[in-house]
There are 2 protein chains.
Amino acid sequence: MSKSTETRNYIMQKSFDLIYQKGYQATSIDDIIATTNMTKGAFFYHFKNKEQMGLELISELLYPSMYEIMVKPLIESKDPLTAIYEMMERLLNDEDFFNADYGCPAINLMEEMSPINNTFKKALSKLVLSWKDSIVSAIQSAQPLGLVKPHVSPEEVAVMVISGYGGVRGLGKVIGRKAYTTYLAGLKSYLNQL
Amino acid sequence: MSKSTETRNYIMQKSFDLIYQKGYQATSIDDIIATTNMTKGAFFYHFKNKEQMGLELISELLYPSMYEIMVKPLIESKDPLTAIYEMMERLLNDEDFFNADYGCPAINLMEEMSPINNTFKKALSKLVLSWKDSIVSAIQSAQPLGLVKPHVSPEEVAVMVISGYGGVRGLGKVIGRKAYTTYLAGLKSYLNQL
DNA sequence: GACATAAGATACTACTTAGTATGTTTTGCA
DNA sequence: TGCAAAACATACTAAGTAGTATCTTATGTC
């Protein structure tokens with residue numbers, strides 16, 4: 001990796017961390033160059049402006065890493081229901097990438113930016129829609145196998161699961177990690193009854 | 001109502017609207033005095049500073065109105081499960097107070113402010129905890145009546161319902177109101193199976 | 001090793017921000 | 001009706017904001 005792309009990645013990673021903790025709008029370019037020990041010249045050499053940097057953050061950092069943990073485990077799984085539960089368990093128990101106090105970086109950006117920036121909204125909707133699709137497919141594939149009752153709506157389940165995740169990430173910000181464990185228990189009963 | 005408290009209420013109501021649409025940090029005092037046609041002198045006569053105004057917004061406007069629609073319907077209800085469902089239905093279908101693009105003002109503030117301001121966090125946790133308590137009590141009261149299976153954990157149900165609500169408000173920002181209707185259908189099946 | 005360009009640094013600008021100091025007007029009440 | 005205090009207005013400040021213009025240094029290539 002060239003020195004140039006190395007610093008670019010470094011700026012993006014640090015920006016990601018700051019935005020994750022403080023929010024996109026509350027993170028200033030001065031913040032970013034301060035924590036990276038870079039200068040404005042470096043930042044604006046690598047990125048057209050702050051918005052462009054944010055969008056590249058989503059497509060190059062957020063989307064791929066979230067796809068890996070949220071979507072991929074659901075594709076090609078013999079046991080879709082436990083795959084969904086274990087995906088959620090890994091997601092909520094990953095304390096390296098996530099911090100209960102700060103919630104989920106993807107959800108945070110959705111909450112903050114969707115209402116005020118249509119480009120962000122579209123970029124983020126890709127992520128949520130591909131997650132939804134993978135859950136719908138998982139349930140659909142489970143039904144002919146008799147693992148999920150035939151009258152169950154895969155769309156409804158997907159919305160329930162996604163909403164549950166987004167909501168418990170917000171709840172965790174307020175009442176802490178215990179929200180996660182309680183939610184996971186509730187999710188297990190929910191999935192078992194489908 | 002005196003003229004003074006009238007303008008105070010007016011400032012608070014307009015501030016509430018702005019914060020609901022743009023977020024707390026993105027709403028400047030200049031924004032507020034511009035949309036109210038007031039001046040800085042008026043604002044700082046009625047409020048010590050921006051933070052204090054936000055906190056009074058929560059305790060005087062947000063908490064009471066949310067309590068009315070979220071908590072009250074669950075107290076003294078003969079049929080707790082349908083009470084929960086109908087509460088959620090009213091909450092999500094109220095298009096006067098809420099806008100799908102902007103989500104829920106309480107959830108928004110939780111998402112934005114809990115990680116960065118402990119006073120906001122504590123004020124907002126009151127709301128979410130009293131909601132949780134009322135759901136727990138509703139389920140508990142339903143169990144001896146045979147309306148909810150005895151092995152069901154009221155705490156788990158409460159966390160599922162609250163997370164579902166918070167999450168679907170975020171999802172609605174991205175994919176629109178159809179998230180609400182799908183979620184409500186999913187919630188109904190979930191509650192019926194308890 | 002020269003030298004063109006990439007990569008980064010410095011110093012600015014124009015604007016916005018929360019908050020203050022000090023002014024003027026309105027209002028209740030003796 | 002006079003007048004003190006409440007209610008509001010005006011004009012500032014100091015710090016922060018995204019972005020630009022221009023400079024210097026590093027790096028690959030012939």
Side-chain angles (χ1 to χ4, degrees), chain A residues 1-58 60 108-109 112-113 115-120 123, chain B residues 1-58 60 108-109 112-113 115-120 123:
Chain A
M1 185 162 51
S2 78
K3 191 84 195 283
S4 174
T5 58
E6 211 168 273
T7 61
R8 195 189 114 102
N9 288 352
Y10 182 62
I11 293 174
M12 284 190 64
Q13 186 57 57
K14 288 289 183 184
S15 301
F16 181 88
D17 294 344
L18 285 171
I19 291 171
Y20 175 36
Q21 291 169 36
K22 314 205 308 168
Y24 172 82
Q25 296 174 97
T27 300
S28 70
I29 296 176
D30 285 348
D31 282 340
I32 293 169
I33 67 176
T35 61
T36 52
N37 287 319
M38 297 275 154
T39 60
K40 238 160 212 198
F43 183 92
F44 280 99
Y45 174 78
H46 287 286
F47 306 100
K48 191 186 161 224
N49 52 33
K50 192 187 170 189
E51 180 181 13
Q52 200 55 38
M53 190 271 288
L55 293 168
E56 288 167 18
L57 218 67
I58 294 175
E60 294 179 32
N108 292 355
L109 275 177
E112 180 185 2
M113 298 307 291
I116 60 173
N117 186 309
N118 211 259
T119 318
F120 272 79
Chain B
M1 186 163 49
S2 78
K3 190 87 195 283
S4 174
T5 59
E6 210 169 275
T7 62
R8 195 190 114 102
N9 288 351
Y10 182 61
I11 293 175
M12 285 190 65
Q13 187 57 55
K14 288 288 183 185
S15 301
F16 182 87
D17 295 344
L18 285 172
I19 291 171
Y20 176 38
Q21 290 170 35
K22 313 205 310 168
Y24 172 82
Q25 296 173 97
T27 300
S28 71
I29 296 176
D30 286 347
D31 282 341
I32 293 169
I33 67 177
T35 61
T36 52
N37 287 320
M38 295 277 153
T39 60
K40 238 159 213 200
F43 182 91
F44 280 99
Y45 174 77
H46 287 287
F47 306 99
K48 190 186 163 224
N49 52 32
K50 192 188 171 189
E51 181 182 10
Q52 200 54 39
M53 190 271 287
L55 293 169
E56 288 167 17
L57 217 67
I58 294 175
E60 294 178 32
N108 292 355
L109 275 177
E112 180 186 2
M113 298 307 289
I116 60 174
N117 186 308
N118 211 259
T119 318
F120 272 79

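Each chain gets a letter, A, B and so on, in the order the sequences are listed, and its residues count up from 1.
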| note | Between the CD1 atom in Ile33(A) and the NZ atom in Lys14(A), the distance rounded to the nearest 0.5 Å is 15.0 Å
| field | Phe44(B) CZ - dG19(C) C1' separation (whole Å) | value | 5 Å
| Distance, nearest 0.5 Å, that separates CG of Leu55(A) from CD of Glu60(A) | 10.5 Å
| query | Looking at residues at least two apart in the chain, or sitting in another chain, which of them share a side-chain hydrogen bond (donor to acceptor under 3.5 Å, both in side chains) with Asp31(A)? | reply | Lys22(A), Ser28(A)
| request: Drop me the distance from Thr119(B)'s OG1 to Gln52(B)'s CD, to the nearest 0.5 angstrom. | output: 9.0 Å
| note | Rounded to the nearest 0.5 angstrom, the CG-CZ distance for Leu57(A) and Phe120(A) is 8.5 Å
| Separation between CE of Met53(A) and OG1 of Thr27(A), rounded to the nearest 0.5 Å | 8.0 Å
| task | Check every nucleotide of DNA chain D for an atom under 4.0 Å from a heavy-atom of chain A, then give the first and the last such nucleotide from 5' to 3'. | result | dT17(D) to dT20(D)
Which protein N or O atoms sit under 3.5 Å from an N or O of nucleotides 21-23 of chain C?
none

| Side-chain contact, heavy-atom cut-off 4.5 Å: Leu18(B) with Gln21(B)? | no
| message | Per the salt bridge (charged side-chain N to carboxylate O under 4.0 Å, His left out) rule, what does the pair list look like for residues 34-55 of chain A, sequence neighbours excluded? | response | Asp30(A)-Lys40(A)
| Can you list, by residue number, the residues of residues 46-58 of chain B that have a non-hydrogen atom closer than 4.0 angstrom to DNA chain D? | His46(B)
| request: Kindly indicate whether the side chain of Leu109(B), heavy atoms from C-beta on, has any atom under 4.5 Å from the side chain of Ile19(B). | output: yes
| Which parts of residues 21-36 of chain B get close to DNA chain C, meaning a heavy atom less than 4.0 angstrom away? | Thr27(B), Ser28(B), Ile29(B), Asp30(B)
| Does any N or O in the side chain of Glu112(A) come within less than 3.5 Å of the main-chain N or O of Tyr24(A), such that one atom is a donor and the other an acceptor? | yes
| note | dist Thr7(B):OG1 -> Phe43(B):CZ (nearest 0.5 Å) comes out at 12.0 Å
| note | From the list His46(B), Glu56(B), Gln13(B), side chain to side chain donor-acceptor pair (under 3.5 Å) with Arg8(B) holds only for Glu56(B)
